[in-house]
Each structure stands twice: as structure tokens, then as C-alpha cells.
Asker: 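My questions will all concern the structure given below.
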Amino acid sequence: MFQTLVNAFKNKDVRKKILITLALMFIYRLGCWLPIPGINGEMYSQQLSSDSILGLLSMITGGALSNGAFLAIGISPYINASIIIQLLTVAIPALERLSKQGDEGRQKLNKVTRYFTLVLAAAQATGIVVSYANTEGAISTAIFGATMPKWLVCTFVAVILIAGSMFTMWLGERITEIGVGNGISLLIFVGILSTAGLSIVAVMTAWIGNGDETAPWALLVFVLLVVLIFAFIVFVDLAERKIPVHYAKQIKGRKQYGGQTTYIPIKINASGVLPIIFSTAILSFPQLVCSLFLDPTNAFYAWWQKWLGVGKPIYSVFVGVLIFFFSFFYAQIQFNPEEVARNIQQYGGNITGLRPGKQTSDYLKKINKRLTLFGAIFLAIIAIVPSIIFNFVFTGTSATLVNAFSATGMLIVVSVALEFEKQLQSQLMMKQYRGFLK
């Protein structure tokens with residue numbers, strides 16, 4: 001990967017795209033620290049406990065939510081909107097037709113996703129403002145030296161939060177369009193790394209400033225565990241099953257085609273981190289609504305927080321079940337054995353020992369189900385087991401490391417880093433081909 005970065009910076013056009021990407025991510029991080037007038041940042045951060053859903057959202061945004069910053073909501077409304085639109089694409093025929101219309105249909109779906117993002121951002125901003133408007137000292141009625149009515153301040157804060165969310169979505173799309181890699185993924189990537197960096201600084205401060213002798217040992221153990229988990233994630237993420245396909249020789253005119261053996265690569269974890277995101281989003285949504293609109297003493301909210309709150313045992317069990325469901329659901333959408341078998345047959349190919357057609361599609365379907373099962377087991381282990389181990393091993397100040405850099409966060413970081421490297425390699429290869437054609 002380091003060699004790829006070196007080669008990328010040697011190429012003028014690719015280097016320009018990388019610098020644009022870094023500049024846009026810097027603007028995003030700057031917006032995560034710019035405070036919103038009308039919010040008491042200190043009181044705001046005290047309301048966000050690490051085991052709450054709002055605390056989890058704050059970690060994803062790199063601490064922007066706990067800072068009461070301009071980009072406090074971040075990219076979460078866009079992620080939720082994208083998830084919902086993807087699920088509705090399967091259920092609603094009109095959206096399914098749009099998804100099959102190529103670039104034009106994709107642009108229309110993106111427009112629908114943007115509008116839905118605006119709706120979700122408005123709902124989330126309204127919930128946050130309503131929740132903290134009743135907290136003593138959380139909302140300041142003095143803005144720019146003038147005292148204003150509380151309802152006007154709340155409206156102002158909500159509009160700023162909505163604008164920040166839409167601006168974050170715009171930044172992600174610009175990175176995708178004129179930069180390198182997927183902009184939305186890179187914004188999540190930099191948010192997780194920023195939160196992890198702040199947590200490491202907090203542990204080092206506890207060691208040097210407060211004389212906490214357990215802090216360096218906790219940091220060392222944490223780094224070793226992170227390296228092991230990273231290695232495991234990379235190993236599984238790059239693993240794939242190669243199914244050999246032999247194409248018969250065909251003579252068309254004076255040219256001979258085929259007569260070679262290739263393979264169909266099927267990844268073990270083809271769905272990436274999406275099943276985890278889908279699962280946690282669905283289970284966290286009721287808790288998010290309760291935390292925004294209900295009092296903590298409410299019976300239903302207290303029951304949900306006790307049994308199905310983030311990090312609770314039953315919550316982990318349901319996350320594992322939903323990960324399996326979404327892994328197989330996404331595998332059915334992403335890989336179509338009948339279509340692959342049909343394409344192989346049309347081009348005169350066959351899998352050794354199998355007849356073209358139904359026998360080939362049944363074989364591909366069986367292989368895909370098995371690989372999806374192993375991928376789902378891997379995602380469930382990553383989402384549940386390391387977090388349990390971390391919470392058992394790390395306590396006190398070192399617990400901030402666990403909250404900042406969960407196993408799910410590690411999976412996102414590794415997946416985005418590997419995808420970014422692939423994007424760089426494809427950019428370099430495209431520039432080489434362009435130079436050859438010139």
C-alpha cells in the first residue's frame with residue numbers, strides 16, 4: 001500500500017486528486033470543531049454517555065456531536081437514507097426499475113436519497129434540539145451578544161444542524177466525483193480515526209499528567225489486540241473462492257476466440273460492513289427515538305435501555321441474528337447465479353465437470369450460500385466478541401479506547417483503506433493506458 005501511495009504522488013493528476021481529497025476531509029474535520037452559537041458545548045457533551053446511541057453517533061462523527069459543532073449530525077442521515085432506499089428498491093417495483101436503468105436511473109435514485117436525507121436530518125435535528133431544550137443550561141439564549149427567545153434559538157440551532165448534515169453529504173459526493181475513493185466512506189474513516197486519536201491522547205495524558213501507571217500497559221495491550229484484529233480482518237477481507245471456467249475454442253472469420261481457462265472470484269465477505277451497519281441502525285433506531293423524545297425515567301425507555309441498549313447481551317444476540325439475515329439478503333441482491341450461468345453458457349464456457357445451465361447455476365448457488373455463511377459468522381464475531389473482550393479487559397480511563405475504536409470501527413477502517421488502495425491502483429493504471437494511447 002505504501003508503494004502505491006509513492007507511485008500515486010509521482011503522477012501529477014493522481015497527486016492532484018489526492019490533495020483535493022485531503023483538503024475536503026480537512027474542511028470536514030474543521031466543521032466538526034466549529035461550535036454552533038446557542039449551544040453550551042460543555043453541558044452538551046455531559047449528556048452524551050458512551051453507552052448511549054448519541055454517544056455512539058458522536059464517536060462516528062469524530063466527536064462533532066459531543067462538541068455541539070456545525071457538522072454534529074454528520075453523515076448518519078445520509079447513511080440511513082441510503083439503507084432505506086436500498087431496501088425499498090427490492091420491495092417497490094418503481095424503484096427497482098430505476099435501479100436497472102443505468103446511469104440515468106442511478107441519478108434519479110441519488111436524487112430521491114438526497115431528499116430523504118433532508119427529511120431524516122430535519123427529524124434528527126428537531127429531536128436533538130427538543131431533547132436538550134429541556135436540559136438546564138444546554139441551550140443558551142444569548143447569541144452574538146443579543147438575548148433572543150428560546151424558541152428562536154432552538155429553530156436557529158436546528159437549521160444549522162440540518163445545513164451541516166447536507167453540507168457533509170455534499171462534501172462526500174465531491175470527494176467521490178473529483179477526488180479518490182468513496183467520499184462517504186472516507187468521511188466515516190477519518191471520523192473514526194480522529195476519535196481513536198483523541199482517546200489515545202486522553203490515555204497518554206492520564207499517564208503523564210495524572211500519574212496513572214496502568215495507562216501505558218493498557219495502551220500496549222490494546223495496540224497488540226488491534227494489530228491481531230487488523231490482521232484477521234485483512235486476511236478474511238481479501239480471501240476469495242476462485243471457480244475455474246474453461247471456454248471452448250471458437251473460430252469467427254479468420255480469428256480464433258476462447259480456448260482459455262479463467263475463473264470467477266467470489267469473496268467470502270462480499271457484503272463488507274453493510275450487514276453490521278444495517279443491523280445496528282435498525283436496533284439503535286428505537287433507542288435513538290426514545291433518547292430524543294422521552295424522559296430517561298420513562299418505563300419503556302428504561303426497559304429498552306436495560307435489555308436492548310447498545311452493548312447489552314440481548315442487543316448483541318439480536319445484532320448477530322440480523323447480521324446473518326442481512327448477509328444472505330445482500331448476497332441474493334449482489335450475486336445472481338442464474339445470470340452468471342447464463343453468461344457462461346452464451347460465451348461457450350463451462351465449469352469443469354458440470355453441464356452448462358441449471359447444473360452450473362445450482363453449483364454457484366451452493367458455493368455462494370456456503371461463502372455467505374462463513375462471511376456472516378466472521379461479521380458476527382467481529383461485531384460481538386472483541387467488544388466483549390475489550391469491555392472486560394479495559395476499565396477506567398483506558399475504556400475510552402474501546403469506545404473510540406470498536407471492532408466494527410476497525411472493520412470499517414480496514415475496508416475503506418483497502419478500497420482506497422484499489423481506487424489508487426485503478427487511477428494509476430488508467431493514466432498508464434492513456435499515456436500509451438497518446
Asker: Please report the interatomic distance CZ(F318) to OG(S279), rounded to the nearest 0.5 Å.
Answerer: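 Between F318 CZ and S279 OG, I get 12.0 Å after rounding to 0.5 Å.
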Asker: Side-chain contact test, heavy atoms from C-beta onward, threshold under 4.5 Å: evaluate it for T21 versus M25 and give yes or no.
Answerer: yes
Asker: Using 0.5 Å steps for rounding, measure from the CD1 atom of I381 to the CD1 atom of I229.
Answerer: 11.5 Å
Asker: Contact between D362 and L354 at the side-chain level, heavy atoms closer than 4.5 Å - yes or no?
Answerer: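 Side-chain contact under 4.5 Å: no.
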Asker: Checking F324 now: which residues fulfil ring pair (Phe, Tyr, Trp, His ring centres under 6.0 Å) with it, not counting sequence neighbours?
Answerer: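 Per chain and number, F324 pairs via ring pair (Phe, Tyr, Trp, His ring centres under 6.0 Å) with no residue.
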Asker: Give the minimum heavy-atom separation between A122 and T126, together with the two atoms involved.
Answerer: O-OG1, 2.7 Å
Asker: Does the side chain of T360 pick up a donor-acceptor pair with the side chain of R355 at under 3.5 Å?
Answerer: no
Asker: In this structure, is the centre-to-centre distance between the rings of Y28 and F167 below 6.0 Å?
Answerer: no
Asker: Taking side-chain contact (heavy atoms from CB on, under 4.5 Å) as the criterion, tell me which of I268, N368, L371 meets it with R241.
Answerer: L371
Asker: Does any N or O in the side chain of K267 come within less than 3.5 Å of the main-chain N or O of D237, such that one atom is a donor and the other an acceptor?
Answerer: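 Judged by distance alone, yes, a pair lies under 3.5 Å.
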Asker: Nearest 0.5 Å, what's the OG1-CD distance between T372 and Q332?
Answerer: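 Answer rounded to 0.5 Å: 7.5 Å.
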Asker: Under the ring pair (Phe, Tyr, Trp, His ring centres under 6.0 Å) test, which residues partner F189, sequence neighbours left out?
Answerer: none
Asker: Give me the one residue out of L118, T117, T113 that meets side-chain contact (heavy atoms from CB on, under 4.5 Å) with M169.
Answerer: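 That would be T117; it is the only one of L118, T117, T113 passing the side-chain contact (heavy atoms from CB on, under 4.5 Å) with M169.
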Asker: Taking all non-hydrogen atoms of both residues into account, name the closest pair between I162 and A121 and its distance.
Answerer: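 Minimum heavy-atom contact is CG1-O, 3.8 Å.
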Asker: Specify the closest pair of heavy atoms between N350 and P356, including all atoms of both residues, with the distance to one decimal.
Answerer: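 Looking at all heavy atoms of both residues, the shortest contact is CB-CG, 4.2 Å.
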Asker: Only counting residues at least two apart or in another chain, list the ones meeting ring pair (Phe, Tyr, Trp, His ring centres under 6.0 Å) with F329.
Answerer: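 Not a single residue meets the ring pair (Phe, Tyr, Trp, His ring centres under 6.0 Å) criterion with F329.
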Asker: I would like to know whether Y263 and I243 meet side-chain contact (heavy atoms from CB on, under 4.5 Å); could you show each step before the answer?
Answerer: CA-CA 5 Å; Y263 61 87; I243 301 175; 5.8 Å; no
Asker: Between K17 and D13, is the closest basic N to carboxylate O distance under 4.0 Å?
Answerer: no
Asker: Output every pair passing side-chain hydrogen bond (donor to acceptor under 3.5 Å, both in side chains) with a member in residues 157-173, not counting sequence neighbours, ordered by first then second residue.
Answerer: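 The answer is R114-E173.
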Asker: Return the CG to CD1 distance between L238 and I233, rounded to the nearest 0.5 Å.
Answerer: 11.5 Å
Asker: Evaluate side-chain contact (heavy atoms from CB on, under 4.5 Å) for L186 paired with L24, printing each intermediate quantity in order.
Answerer: CA-CA 10 Å; L186 287 174; L24 292 175; over 6 Å; no
Asker: Show every salt bridge (Lys or Arg N to Asp or Glu O under 4.0 Å) that has at least one partner inside residues 324-353, sequence neighbours left out.
Answerer: E338-K365
Asker: Is it true that a side-chain atom of T262 and a backbone atom of V245 form a donor plus acceptor pair closer than 3.5 Å?
Answerer: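 No, because the side chain of T262 does not come within donor-acceptor range (under 3.5 Å) of the backbone of V245.
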Asker: Check I264 against V340 and note the closest heavy-atom contact, atom names and distance.
Answerer: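 Taking I264 first and V340 second, the nearest heavy atoms are CD1-CG1, 3.8 Å.
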Asker: May I have all residue pairs that pass salt bridge (Lys or Arg N to Asp or Glu O under 4.0 Å) and include part of residues 176-194, sequence neighbours excluded?
Answerer: R174-E177
Asker: Count the heavy atoms belonging to other residues, nucleotides or ligands that lie under 6.0 Å from CZ of F374, then report whether that count exceeds 12.
Answerer: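 Result for CZ/F374: open.
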Asker: Flag yes if more than 12 heavy atoms outside F328 fall under 6.0 Å of its CZ atom; otherwise flag no.
Answerer: yes
Asker: Strictly distance-based, threshold 3.5 Å: is any side-chain N or O of S185 a donor or acceptor partner for the main-chain N or O of G181?
Answerer: no
Asker: Could you check L379 against S327 for side-chain contact (heavy atoms from CB on, under 4.5 Å), going step by step and ending with a plain yes or no?
Answerer: CA-CA 9 Å; L379 291 177; S327 294; 3.9 Å; yes
Asker: Show your reasoning for whether side-chain contact (heavy atoms from CB on, under 4.5 Å) applies to L161 and V129.
Answerer: CA-CA 9 Å; L161 289 173; V129 171; 4.3 Å; yes
Asker: Which distance, rounded to the nearest 0.5 Å, do you find between the CZ of R106 and the CG of L109?
Answerer: 9.0 Å
Asker: With rounding to the nearest 0.5 angstrom, report the CD1 to CG distance, I27 to L71.
Answerer: 10.5 Å
Asker: With a 4.5 Å cut-off on side-chain heavy atoms, are I367 and Y363 touching?
Answerer: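 Sidechains of I367 and Y363: in contact.
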Asker: Which pair of heavy atoms, one from P275 and one from I323, lies closest together, and at what distance?
Answerer: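 Shortest heavy-atom contact: CB-O, 3.9 Å.
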